[in-house]
Participant: 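Please read through the structure below; I'll follow up with questions.
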Amino acid sequence: EAHRRFHDKTGITFSSLYPGCIAETGLFRDKKPWFRKLFPLFMKYVTGGYVSEPEAGDRLAQVVSDPLCKKSGVYWGWNGGAKTVAYLKVSSDPNERG
């Protein structure tokens with residue numbers, strides 16, 4: 001929505017990102033100890049979606065500073081253990097997504 005309303009007027013790039021599952025953060029501090037131990041292993045070895053905090057930070061920095069990520073109005077993400085960024089076009093019209 002911000003891209004649609006403001007990008008052409010301001011030239012500001014609007015996007016969002018999902019760096020992966022950062023399974024070993026304070027976010028899970030209130031979970032049971034068994035969950036805090038097993039969830040990162042599950043994400044690492046079963047789903048492949050595990051990302052360390054430093055790697056998530058690197059991905060954020062890439063979206064902010066990499067010339068490849070200058071496209072506005074998109075959702076940046078990584079596929080499991082992928083090291084390459086890709087984007088999904090964001091639109092309120094389902095026919096314009098992808």
Participant: Please confirm whether the backbone N or O of G73 pairs with a side-chain atom of S15, one donor and one acceptor, at under 3.5 Å?
Facilitator: no

Participant: When rounded to the nearest 0.5 angstrom, what distance separates NZ in K70 from CG in L68?
Facilitator: 10.0 Å

Participant: Is there a donor-acceptor pair under 3.5 Å between the side chain of R59 and the backbone N or O of A56?
Facilitator: no

Participant: Looking at OG1 of T10 and NE2 of H3, how far apart are the two atoms once the value is rounded to the nearest 0.5 Å?
Facilitator: 10.0 Å

Participant: Are the side chains of P19 and E55 in touch, meaning some heavy atoms are under 4.5 Å apart?
Facilitator: no

Participant: Do W76 and S16 make a side-chain contact, defined as non-hydrogen atoms from C-beta onward lying under 4.5 Å apart?
Facilitator: no

Participant: How long is the gap from NZ on K44 to OG on S52, to the nearest 0.5 Å?
Facilitator: 8.5 Å

Participant: Hey, any chance L41 and F35 share a hydrophobic cluster, counting ILVMFWY side chains that come within less than 4.5 Å of each other, even indirectly?
Facilitator: yes

Participant: Mind checking whether F28 and I22 sit in one hydrophobic cluster, side chains of I, L, V, M, F, W, Y counted as touching below 4.5 Å?
Facilitator: no

Participant: What are the two closest non-hydrogen atoms of H7 and I12, and how far apart are they?
Facilitator: ND1-O, 2.6 Å

Participant: Nearest 0.5 Å, what's the OH-OH distance between Y50 and Y45?
Facilitator: 9.0 Å

Participant: Of the options K37, M43, R36, which is the one that meets F39 in a side chain to side chain contact (heavy atoms under 4.5 Å, CB included)?
Facilitator: M43

Participant: Group every Ile, Leu, Val, Met, Phe, Trp and Tyr by side-chain heavy-atom contacts under 4.5 Å, then state whether L17 and V64 land in the same group.
Facilitator: yes

Participant: Under a 4.5 Å side-chain heavy-atom rule over Ile, Leu, Val, Met, Phe, Trp and Tyr, are F6 and Y75 clustered together?
Facilitator: no

Participant: Taking all heavy atoms of K71 and all of T13, pick out the closest pair and write down the distance.
Facilitator: O-CG2, 3.6 Å

